[in-house]
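Taking it in order: structure first as structure tokens, then the write-up.
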Amino acid sequence: MVNIKLPDGSVRSFEGPVTGTDVAADISRSLAKAALAVKVDGVLKDVYLPIEHDATVEIVTAKMPEGVDLLRHDAAHILAEAVKELFPETQVTIGPTIENGFYYDFSREEPFTPDDLVVIEARMREIVARDEEIRREVWDREEAVEFFKSQGEFYKAEIIASIPDGEEVGLYRQGGFIDLCRGPHLPSTGKLGNAFKLMSLAGAYWRGDSNNEMLRRIYGTAWANEKDLKDYLQRLEEAEKRDHRRLGRELDLFHLQEEGPGAVFWHPHGWTLFQQMIDYMRRKQIQAGYQEVNTPEILDRSLWQKSGHAEKFGENMYLTQTPDERVFAVKPMNCPGHIQVFKQGIKSYRDLPFYLAEFGKVHRYEPSGALHGLMRVRAFTQDDAHIFCTDEQITEECLKASRLIHQIYHDFGFDEVRVKYADRPEQRVGSDEVWDHAEAALLKALNEMQVEYELNPGEGAFYGPKLEFVLRDAIGRDWQCGTVQVDLNMPGRLGATYVDADGERKTPVMIHRALFGSLERFCGILIEHYAGHFPLWLAPLQVVVATITDEADDYAREVQAVLTRAGLRSELDLRNEKISYKIREHSVTKVPLILVVGRREAEERTVALRRLGGKAQEILSLDDAVAALTDEARSPLERAA
RNA sequence: GCCGGAAUAGCUCAGUCGGUAGAGCGACUGAUUCGUAAUCAGUAGGUCCGCGGUUCGAUUCCGCGUUCCGGCACCA
């Protein structure tokens with residue numbers, strides 16, 4: 001007798017061992033058909049495997065997230081089967097599911113072409129139509145290794161050989177294709193259905209290591225039904241429309257060109273947005289007790305040798321030689337410069353914590369393949385600051401900096417921020433004891449912050465562990481923005497000291513912190529986050545005054561003058577065009593407010609206010625309109641004050 | 001940096017099986033003075049990414065380079 005408890009709490013009894021299919025069939029025929037796998041006491045299993053003992057059982061269908069994940073997993077296997085049928089000389093490696101889809105990495109001399117993708121996808125649909133049974137087999141490890149070697153599948157053999165002793169080697173067979181897999185899998189290929197699509201080709205290193213062979217990756221997406229697939233493809237299209245590179249051109253914010261790879265040419269509107277960010281940040285920082293400084297962009301190479309940058313970061317640095325043959329480095333970070341400022345005059349323990357901030361433009365020679373619009377550039381502006389403090393102050397200062405970051409992100413409309421904690425990297429300066437100490441202090445602050453965080457092992461800066469604040473772009477790519485780093489190394493290397501209460505000279509701790517991280521990147525994320533519809537206080541162009549007839553020109557000029565005096569950013573549109581033409585044009589470039597003035601408004605000293613995306617218009621007296629808009633255009637900082 | 005793809009008018013793109021190119025939108029000029037998301041007509045605009053090679057002739061074919069796009073690796 002086997003008692004099966006279902007999620008609704010009911011219990012069904014069976015004579016002997018049953019399978020997930022049996023249980024599903026006992027409930028309803030349609031459920032039996034929809035069953036993709038089964039969860040036995042919370043563990044996913046193949047639906048056709050016997051359940052020998054009493055258990056809690058849940059039937060997994062495509063309606064559940066786990067079910068969709070299974071579909072994607074099987075789509076990857078079917079992709080591999082199709083590729084092996086069409087290109088038998090190809091070796092298979094791994095094919096996991098990912099967010100919204102799956103991929104499979106193949107080893108193959110010849111690249112796949114976009115045309116191949118069409119053929120492979122067609123073959124996948126054939127395999128689905130064949131509805132091949134998928135069955136799990138447990139193999140002896142040695143036999144499995146030998147088997148795959150004999151098939152010329154050396155990568156698979158390597159994976160199996162690396163499975164820890166004592167773990168079962170489970171293989172799944174579908175038609176003529178057999179693959180190592182932890183499972184579970186669908187009972188047959190037909191269950192995948194047709195809601196899948198191969199998306200793109202890419203290169204990817206074996207085991208993610210750039211020293212290894214580059215494999216050929218095929219990305220695909222798979223969903224429970226055609227509608228979900230269609231919705232997903234539409235979401236991708238929508239995301240493309242908010243791509244900051246596209247909006248950057250459409251809204252005339254910035255451009256990049258061949259002569260300056262990774263360097264931004266800011267146009268007037270883009271630069272206005274950029275300056276708004278700086279303006280906000282500057283005030284916010286002053287409130288938080290920072291002092292703003294500015295340090296040289298080019299400094300003698302020897303300083304970078306002392307700081308450790310030359311050795312650990314040298315490959316990313318621009319060097320420049322002057323006619324007297326002296327070698328300088330263009331700064332990739334602001335920290336050594338700030339230490340020079342700190343070192344001027346004798347500092348007392350009473351001066352600590354000592355805050356120095358800089359909107360510092362840094363240059364880093366990034367790998368060419370990494371460049372990406374504003375998100376990844378070679379010349380960028382950091383809202384960088386360094387907090388010189390005592391050992392006891394570390395935790396408190398990290399906390400303060402992290403709180404500041406969360407507040408600022410909130411003001412810019414981001415409430416979902418992911419935090420990562422990155423500890424010591426292989427390439428680093430300083431002793432293990434010092435690192436132990438720095439990591440412990442940062443972790444303590446992190447725990448006191450009471451935010452969820454992920455570990456990012458080995459990804460700290462070369463001088464200390466760091467917190468990373470991560471935002472996501474329109475198409476799901478994550479970008480690190482703010483950061484807080486505890487540095488017990490660099491102040492010592494560059495000779496920074498303070499006089500402690502006991503009269504002894506001591507080396508201060510330095511906390512590196514950036515709020516936006518890179519202003520360029522944050523600006524890119526902002527563009528995508530708002531899809532170009534910036535909140536009024538950030539919008540580069542806030543108001544367009546548009547006339548209906550040239551009889552209103554003089555009045556329109558007057559309106560704009562009043563707006564300018566009130567501190568609003570406006571433009572005049574006196575062109576001899578229909579008002580609907582003007583409205584369409586300014587709507588397309590996402591100007592938040594349009595003030596329409598015609599003969600009537602000129603006579604009555606009013607304006608017709610039209611908001612972006614709105615249909616209605618509002619007739620206001622000029623004075624009321626300006627007062628209301630000025631109030632509306634206040635930044636979060638001004639509102640809080 | 002690595003794998004794959006791309007580069008034609010300001011933008012989006014078509015095209016030439018090798019005989020120096022075209023559309024829509026935009027720009028400009030003129031007409032129109034119009035009430036809330038595209039008024040009409042006309043005109044101009046191209047080193048077909050760069051450098052070599054093959055060829056009578058290259059935007060087209062080949063090679064090298066540059067940049068960009070999608071990934072991987074790297075990272076703010």
Side-chain angles (χ1 to χ4, degrees), chain A residues 103 105 108 111-114 116-117 199-219 243 245-246 249-250 252 255-262 313 315-316 332-333 362 364-378 380-384 422 459 461 466 468-471 475 477-483 485 512 514-522 524-525 546-553 575-588 594-601 608-617 619:
Chain A
Y103 66 79
D105 284 346
R108 187 161 179 261
F112 292 113
T113 66
D116 291 337
L117 231 49
M199 303 295 285
S200 60
L201 293 163
Y205 296 109
W206 167 238
R207 290 193 191 274
D209 184 336
S210 58
N211 297 312
N212 292 339
E213 185 202 346
M214 181 150 276
L215 305 172
R216 305 194 184 276
R217 176 172 295 180
I218 297 177
Y219 280 98
D243 187 308
R245 292 166 297 185
R246 175 173 169 159
R249 186 176 57 243
E250 289 174 355
D252 194 18
H255 86 270
L256 298 136
Q257 67 185 45
E258 276 200 26
E259 291 85 347
F313 206 74
E315 285 184 2
N316 291 293
M333 299 187 192
V362 295
R364 297 183 186 174
Y365 182 72
E366 298 292 335
S368 56
L371 303 183
H372 182 95
L374 297 179
M375 303 299 199
R376 196 71 188 274
V377 289
R378 285 179 173 165
F380 61 100
T381 314
Q382 290 185 309
D383 53 345
D384 204 2
E459 297 296 324
K466 65 179 177 184
E468 302 171 343
F469 296 80
V470 178
L471 294 179
I475 40 180
R477 281 182 282 225
D478 285 336
W479 297 98
Q480 185 187 322
C481 293
T483 176
Q485 309 167 354
H512 306 237
L515 307 169
F516 291 144
S518 147
L519 292 192
E520 283 76 359
R521 174 178 295 176
F522 199 85
I525 289 173
T547 51
I548 291 173
T549 141
D550 56 14
E551 288 173 63
D553 284 4
R575 290 174 303 171
N576 177 13
E577 293 290 351
K578 283 186 170 175
I579 191 62
S580 43
Y581 178 90
K582 295 185 183 181
I583 284 174
R584 178 184 150 77
E585 194 171 279
H586 301 302
S587 300
V588 166
I594 301 175
L595 293 184
V596 176
V597 296
R599 193 185 308 158
R600 204 182 313 147
E601 286 76 13
L609 170 65
R610 186 194 163 101
R611 288 170 190 281
L612 180 59
K615 289 263 177 282
Q617 48 172 326
I619 308 288

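The structure displayed is predicted, hence computed values, not measured ones.
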*Pick base, sugar-phosphate or nothing for Y219(A), based on heavy-atom distances below 4.0 Å to the nucleic acid.*
sugar-phosphate

*Is R108(A) positioned over the aromatic face of F112(A), cation under 6.0 angstrom from the ring centre and no more than 45 degrees off axis?*
yes

_Under 3.5 Å on both distances, the Watson-Crick or G-U partner of A6(B)_ = U67(B)

*asked:* Assuming nearest nucleotide by heavy-atom distance, tell me which of Q382(A) and G369(A) is located more 5' along RNA chain B.
replied: G369(A)

*asked:* Please pick, from C74(B), A37(B), A38(B), the nucleotide with the shortest atom-to-atom distance to any side-chain atom of Y581(A).
replied: A38(B)

*Just checking A616(A): base, sugar-phosphate only, or nothing, at a heavy-atom cut-off of under 4.0 Å?*
nothing

*Which nucleotide, C3(B), G35(B), A76(B), lies nearest any side-chain atom of A608(A)?*
G35(B)

_Looking at A37(B), I'd like to know if its phosphate oxygens (OP1 or OP2) sit under 4.0 Å from a side-chain N or O belonging to R610(A)._
yes

*Does G1(B) have a Watson-Crick or wobble partner in any strand here, with both distances under 3.5 angstrom, and which is it?*
C72(B)

*asked:* Minimum heavy-atom separation for T113(A) and L201(A), please, with both atom names.
replied: C-CD1, 3.6 Å

*So what does A202(A) hit on the nucleic acid, given a heavy-atom distance under 4.0 Å: a base, only sugar-phosphate, or nothing?*
base

*I579(A) or G373(A): which one's nearest nucleotide on RNA chain B is closer to the 5' end?*
I579(A)

_It should be established whether K578(A) places a side-chain nitrogen or oxygen under 4.0 Å from OP1 or OP2 of nucleotide A37(B)._
no

*Quantified in whole Å, what is the C1' atom distance between nucleotide G46(B) and nucleotide A31(B)?*
30 Å

*Counting Watson-Crick and G-U wobble pairs only, both distances under 3.5 Å, name the nucleotide matched with U43(B), or none.*
A27(B)

*With C1' as the reference atom in both, quote the distance from G19(B) to A58(B) in angstrom, rounded to an integer.*
10 Å

*Within the structure shown, what part of the strands sits under 4.0 Å from R477(A) by heavy-atom distance: base, sugar-phosphate, or nothing?*
sugar-phosphate

*asked:* If you only use heavy atoms from C-beta on, which nucleotide in C75(B), U39(B), A37(B) is closest to the side chain of E459(A)?
replied: C75(B)

*With heavy atoms under 4.0 Å as the rule, sort P261(A) into base, sugar-phosphate or nothing.*
sugar-phosphate

*Given the P atoms of U60(B) and G24(B), what is the spacing between them in whole Å?*
27 Å

*When we call it a touch if two heavy atoms are under 4.0 Å apart, what does S210(A) touch: a base, just sugar-phosphate, or nothing?*
sugar-phosphate

*What nucleic acid atoms does R245(A) come within less than 4.0 Å of, heavy atoms only: base, sugar-phosphate, or nothing?*
sugar-phosphate

*Expressed as a whole number of Å, how far does the P atom of G63(B) sit from that of G5(B)?*
12 Å

*Is there a Watson-Crick or G-U wobble partner for U54(B) with both distances under 3.5 Å, and which nucleotide is it?*
none

*Give a yes/no answer on whether the side chain of H372(A) brings an N or O atom under 4.0 Å of OP1 or OP2 in C68(B).*
no

_At 4.0 Å (heavy atoms only), tell me whether E366(A) reaches a base, stays on the sugar-phosphate, or touches nothing._
base

_Check: E520(A)/T381(A) side-chain N/O donor and acceptor closer than 3.5 Å_ = yes

*If pairing requires Watson-Crick or G-U wobble contacts with both distances under 3.5 Å, which nucleotide is the partner of U36(B)?*
none

*Just checking, any donor-acceptor pair under 3.5 angstrom between side chains of R217(A) and Y219(A)?*
yes

*If we take the P atom in both A6(B) and C28(B), what is their distance in whole Å?*
36 Å

*Look at the side chain of Q617(A) and decide which nucleotide, out of A73(B), U36(B), G70(B), has an atom nearest to it.*
U36(B)

*Between A37(B), A73(B), C75(B), which nucleotide gets closest to the side-chain atoms of R584(A)?*
A37(B)

*Donor-acceptor pair under 3.5 Å: do we get one between E601(A)'s side chain and the base of G35(B)?*
yes

*Would you indicate what G482(A) reaches in the nucleic acid, counting non-hydrogen atoms under 4.0 angstrom: base, sugar-phosphate, or nothing?*
nothing

*When all nucleic acid strands are considered with a 4.0 Å heavy-atom cut-off, which category describes V362(A): base, sugar-phosphate, or nothing?*
nothing

*Side-chain N,O (R249(A)) to OP1/OP2 (U12(B)) below 4.0 Å*: yes

*Is there a donor and acceptor pair closer than 3.5 Å between the side chain of Y205(A) and the base of G71(B)?*
no

*For E250(A), report the nucleic acid contact type (base, sugar-phosphate, nothing); a contact means any heavy atom under 4.0 Å.*
nothing

*What is the base-pairing partner of G22(B), counting Watson-Crick and G-U wobble geometry with both distances under 3.5 Å?*
C13(B)

_Under the criterion of centre distance below 5.5 Å and interplanar angle below 30°, is W479(A) classified as stacked on the base of A76(B)?_
no

*Can you figure out which of C74(B), A37(B), G35(B) approaches the side chain of S580(A) most closely?*
A37(B)

*For R216(A), answer base if it contacts any base atom (sugar-phosphate contacts may also be present), sugar-phosphate if it contacts only those atoms, and nothing otherwise; contact means non-hydrogen atoms under 4.0 Å.*
sugar-phosphate

*With heavy atoms under 4.0 Å as the rule, sort S368(A) into base, sugar-phosphate or nothing.*
base

*Heavy atoms under 4.0 Å, any strand shown: does A514(A) hit a base, just sugar-phosphate, or nothing?*
nothing

*asked:* Given the structure, check if the side chain of R599(A) and the base of C34(B) hold any donor-acceptor pair shorter than 3.5 Å.
replied: no

